[in-house]
Amino acid sequence: MTDLHANPAAPADDGSALLSLLSPRSVAVLGASDNTVKAGGRPIDYMRRHGFAGAIYPVNPNRATIQGLAAYPSLDALPAAPDLVVISVPGAEVEQAIERCLAIGARGAVIYSSGFAELGEAGAAQQRRLVERARAGGLRLFGPNTQGLANFASGAIAHFSTMINEEAGQDGPVAIVSQSGAGSAIVYGGLRRNGIGVRYMVATGNEADVSAAEVVRAVLHDEQVRVVLLYIESLRDPQVLAQAARLAHRRDVPILAVKAGRTRSGQLTASSHTGALAGEDALADAFLRRHGIVRVADFRELAEYCQVFVGGQRPRGDGVVAISNSGATCVLAADAAEDEGLRLVEFDAAGTEALRAVLPSYVSARNPIDMTTALLGQPQIFGRTLDAVAARGAADMIHVGFPIGGEGYDFDDFSAQTGRFASASGVPVVVSANQQWVAQAFRRHGVPVFDSERAAMRALGLLSRYVRARAAALAAPAAVSAVSAVSAVSASDADAAASTTTTLDEVQSLAQLAAAGLPTVAHRLCRDREQVRRAVAELGLPVVAKGVSASITHKSEYGLVRLGLDSEERVLAAFDELDARLATLAAEQGVEHGGVLIARQHKGAFELAVGAHRDPVYGPVVMIGQGGVLVEALDDVQFLPAPFSAGQAREAISRLHIARAFGAVRGMPAVDVERLAAMLVRLGDWFAGSAAGSERDERTESVDANPVIVPRGDVAPVIVDAVVVRNAASEGTKR
């Protein structure tokens with residue numbers, strides 16, 4: 001399958017050089033037009049109207065002037081080399097245009113033209129030629145097939161979206177980065193309608209050269225950017241996005257992302273549960289979560305939920321207070337808070353008294369606070385209530401609901417009080433309102449407004465989870481680059497063919513994991529009855545007997561497992577059966593006869609599956625989920641790009657459906673989640689370390705430990721079955 005985004009490695013850049021291209025001092029437009037509706041005319045019109053102070057060079061051999069500016073017949077005729085060239089010519093002319101950009105010393109080019117990788121292999125090959133030539137000359141390319149880029153601070157607008165006509169540009173704290181040109185404009189329009197200014201709007205198109213991840217990293221070097229909104233369909237530079245996320249967290253700049261295209265990626269290892277379960281979307285979700293990037297559903301949500309992040313207020317915890325003039329809104333807000341995992345604050349005695357001092361006697365001083373008609377003609381009660389709640393330090397966040405506003409409600413005063421309170425206290429406040437004039441009153445004071453209680457509470461939930469994820473990401477070890485972790489991506493076809501993997505048998509697999517410091521079951525490999533007797537004497541009873549063969553990874557399907565063997569006679573009988581069964585399989589199907597494993601039988605409350613594999617995009621990934629023979633059918637799994645912290649491991653465990661049963665219940669002790677998390681961290685460290693520090697012929701390719709027996713109480717989990725896949729060359733050397 002052809003990778004339409006494949007291209008030579010990007011030049012080294014921490015993002016600052018690319019940022020300068022988003023703030024060009026001069027822009028040439030190749031294919032410039034007098035017609036402001038055409039793609040070659042819009043950027044000139046936009047830059048002139050938005051006060052771009054730099055030089056604009058229209059290039060068109062058939063015009064002496066364009067839109068009142070002197071036009072030039074070719075790029076070679078320009079009086080100076082432009083920082084940026086907009087290429088708005090037919091696709092067949094783009095290669096020549098790139099050559100001219102290089103000849104005059106331009107630093108960047110925005111290619112509006114289409115007809116490249118989006119059309120298939122021939123277009124992809126042409127696209128690769130463009131990039132190879134451009135990079136050889138130090139020219140960075142945006143696109144092709146892009147709507148361009150815009151800097152509303154400087155007025156350098158090389159973007160041809162009509163949305164800029166509909167919603168006037170205004171500088172602000174938000175950067176929009178999108179693989180989709182239309183998507184960038186949709187988000188821009190939504191933000192502007194909500195009164196939020198935008199500094200950068202960048203559409204990366206085919207990403208032949210500059211990727212969305214690179215642009216995210218670049219805009220984070222601008223201290224005025226406070227939120228980044230990202231839309232991607234494929235993640236070409238995960239290591240760059242991981243670097244960007246770390247920079248963002250150091251500055252407390254949230255990245256909100258939509259990851260579309262829910263397809264499977266990479267080659268799956270047939271014997272690997274982990275690989276089989278690791279769908280592309282699950283890994284994308286895990287990657288974004290690992291790096292503290294807030295994932296939302298679509299363009300509308302990017303624009304809508306940006307509101308709650310842009311003001312800079314951050315909750316200290318998950319406690320929320322709801323205030324409304326409607327009992328129904330109070331109930332809906334309470335339901336929505338619980339659905340979002342937020343905690344409705346219970347006021348202590350002092351807090352209750354403080355509220356009673358400011359509320360009318362007929363308003364109950366409990367959360368949610370239903371003010372009924374108290375605010376009619378008495379707007380000061382609203383601000384006093386906010387202050388009373390904040391003074392006790394009980395509220396981490398506040399939701400205010402005004403389902404209906406009309407005569408007698410002073411929303412100019414309410415909104416001003418709310419804006420002052422949020423700024424002074426640092427407590428995030430969101431409003432739900434159904435009437436646009438009410439919403440606009442609050443937005444004028446920088447207060448986020450949503451059209452339902454559920455949307456408002458979801459905004460607070462996203463904000464609360466971001467704060468936790470940011471802390472976890474800053475505390476976690478730096479992630480292993482997918483480039484270094486998955487050297488197969490850049491290997492030649494010959495190298496790939498030579499790097500065939502091999503599956504270790506269960507005894508070898510358990511030995512590998514034990515050497516890595518993971519808890520494995522006590523066991524003995526037996527090839528005759530005398531060895532079985534010694535194994536029973538050393539391990540005790542009961543035991544499990546399993547046929548060993550590197551050719552068979554799912555032993556139960558071949559009748560090679562015997563459980564609950566509680567006497568030496570039963571163990572010997574099981575050995576005889578399994579030895580004979582393996583001999584038959586060896587004769588009939590050519591499978592390897594590796595002997596019979598006798599292992600201590602462990603009892604536990606739960607059977608989990610733990611694994612690791614290397615994804616060609618996301619690098620080393622660890623999995624945990626419900627185990628047993630139905631692991632794929634149950635599909636209750638979580639993924640963690642490795643390495644990761646114990647806190648991130650605990651968070652992943654808590655998201656499992658089965659984790660609801662891990663707590664103490666009916667007199668039974670809770671599962672020791674700390675030990676389970678420690679096992680995951682150890683696996684992740686070992687597996688990622690192997691990826692970063694080994695040659696391809698020395699590394700482990702995948703691990704499947706299923707089941708892992710997890711008891712209740714102060715007892716460690718134990719791996720009782722495992723399959724490890726390693727590179728065939730290293731195993732051949734060892735043998």
Side-chain angles (χ1 to χ4, degrees), residues 17-61 63-89 93-94 97-113 134 137-144 146-161 164-165 169 171 175-176 181 184-185 188 198-205 209-210 215 218-219 222:
L18 189 60
L19 180 64
S20 69
L21 279 180
L22 302 180
S23 304
R25 296 161 298 180
S26 55
V27 180
V29 180
L30 183 60
S33 174
D34 253 330
N35 188 341
T36 59
V37 174
K38 289 186 175 180
R42 284 181 189 163
I44 298 171
D45 179 45
Y46 288 158
M47 284 189 282
R48 298 187 71 199
R49 286 196 282 125
H50 286 79
F52 178 56
I56 304 173
Y57 301 127
V59 179
N60 188 319
R63 302 273 183 170
T65 62
I66 289 178
Q67 297 185 41
L69 299 174
Y72 300 86
S74 67
L75 290 174
D76 303 292
L78 298 181
D83 287 338
L84 193 68
V85 178
V86 174
I87 298 176
S88 182
V89 298
E93 300 176 20
V94 171
I98 294 299
E99 292 296 336
R100 301 323 306 154
C101 288
L102 290 166
I104 66 173
R107 295 194 301 120
V110 177
I111 306 173
Y112 289 169
S113 318
L139 179 71
R140 298 305 308 270
L141 305 181
F142 294 85
T146 176
Q147 287 192 14
L149 58 89
N151 180 328
F152 292 100
S154 69
I157 302 174
H159 197 296
F160 66 81
S161 172
I164 299 171
N165 273 330
D171 188 19
I176 302 167
S184 69
Y188 166 83
V198 174
R199 173 151 289 205
Y200 300 104
M201 174 170 63
V202 182
T204 56
D209 178 18
V210 175
V215 178
V219 299
D222 186 334

J.: How close do Val219 and Tyr200 get, counting heavy atoms only, and between which atoms?
T.: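 Nearest heavy atoms, Val219 then Tyr200: CG1-CD1, 3.8 Å.
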J.: Kindly compute the distance separating CG (Leu84) from CG (Leu149), expressed to the nearest 0.5 Å.
T.: 5.5 Å
J.: What heavy-atom pair brings Tyr72 and Ala77 nearest, and what distance separates the two atoms?
T.: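 Scanning both residues completely, I find the closest heavy atoms to be CD2-O, 3.6 Å.
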J.: Hey, which of Val27, Leu75, Ile111 is the one that makes side chain to side chain contact (heavy atoms under 4.5 Å, CB included) with Val85?
T.: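 Single side chain to side chain contact (heavy atoms under 4.5 Å, CB included) partner of Val85 among Val27, Leu75, Ile111: Leu75.
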J.: At their closest point, which heavy atom of Leu139 faces which heavy atom of Gly108, and how far apart are they?
T.: CD1-N, 3.4 Å
J.: Check side chain to side chain donor-acceptor pair (under 3.5 Å) between Tyr57 and all other residues, then give those that pass, not counting sequence neighbours.
T.: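 Partners of Tyr57 by the side chain to side chain donor-acceptor pair (under 3.5 Å) criterion come out as none, since no residue qualifies.
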J.: So Phe160 and Val86, do their side chains get closer than 4.5 Å, heavy atoms only?
T.: no
J.: Do you know the tightest heavy-atom contact between Asn151 and Ser154?
T.: OD1-N, 3.0 Å
J.: Tell me the salt bridge (charged side-chain N to carboxylate O under 4.0 Å, His left out) pairs involving residues 70-89, sequence neighbours left out?
T.: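 Found Arg25-Asp83, Asp76-Arg100, Asp83-Arg107.
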J.: Please find the pair of heavy atoms, one from Ile164 and one from Tyr188, that lie closest to each other, and give the distance.
T.: CA-CE2, 4.1 Å
J.: List in chain and number order the residues that pass ring-ring contact (aromatic ring centres under 6.0 Å, His included) with Phe142, two or more places apart in sequence or in another chain; answer none if no residue qualifies.
T.: none
J.: Taking atom CD1 of Ile157 and atom CE of Met201, what is their separation to the nearest 0.5 Å?
T.: 7.5 Å
J.: What's the separation between atom CG in Leu18 and atom OG in Ser23, rounded to the nearest 0.5 Å?
T.: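 Rounded to the nearest 0.5 Å, the CG-OG separation comes to 10.0 Å.
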J.: Are any of the side-chain heavy atoms of Ile98 and Leu141 separated by less than 4.5 Å?
T.: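 Yes, their side chains come closer than 4.5 Å.
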J.: Drop me the distance from Asp171's CG to His50's NE2, to the nearest 0.5 angstrom.
T.: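 Output value for this atom pair is 11.0 Å.
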J.: Can you name the nearest heavy-atom pair linking Arg42 to Ser161, along with the distance?
T.: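 Minimum heavy-atom contact is NH1-C, 4.5 Å.
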J.: About how many Å separate CG of Leu78 and OG of Ser26, when rounded to the nearest 0.5 Å?
T.: 9.0 Å
J.: Name all residues meeting the side-chain contact (heavy atoms from CB on, under 4.5 Å) criterion together with Ala32; count only those two or more places apart in sequence or in a different chain, and write none if there are none.
T.: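 Residues passing side-chain contact (heavy atoms from CB on, under 4.5 Å) with Ala32: Val29, Ile44, Pro58, Ile66.
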J.: Any side-chain heavy atom of Asn165 within less than 4.5 Å of one from Thr36?
T.: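 No; the side chains remain at least 4.5 Å from each other.
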J.: Quick one: side chain to side chain donor-acceptor pair (under 3.5 Å) partners of Asp45, sequence neighbours excluded?
T.: Arg49
J.: Less than 4.5 Å apart, side chain to side chain, heavy atoms only: is that true for Ser113 and Val89?
T.: yes
J.: Gln67 versus Ile56: any side-chain heavy-atom pair under 4.5 Å?
T.: no
J.: Working to the nearest 0.5 angstrom, can you tell me the gap between Arg140 CZ and Leu21 CG?
T.: 8.0 Å
J.: Restricting to side chain to side chain donor-acceptor pair (under 3.5 Å), what partner residues turn up for Ser184, sequence neighbours left out?
T.: His159
J.: Heavy atoms, side chains only, cut-off 4.5 Å: are Leu30 and Cys101 in contact?
T.: no
J.: For residues Thr204 and Thr146, determine if any side-chain heavy atom of one lies less than 4.5 Å from a side-chain heavy atom of the other.
T.: no
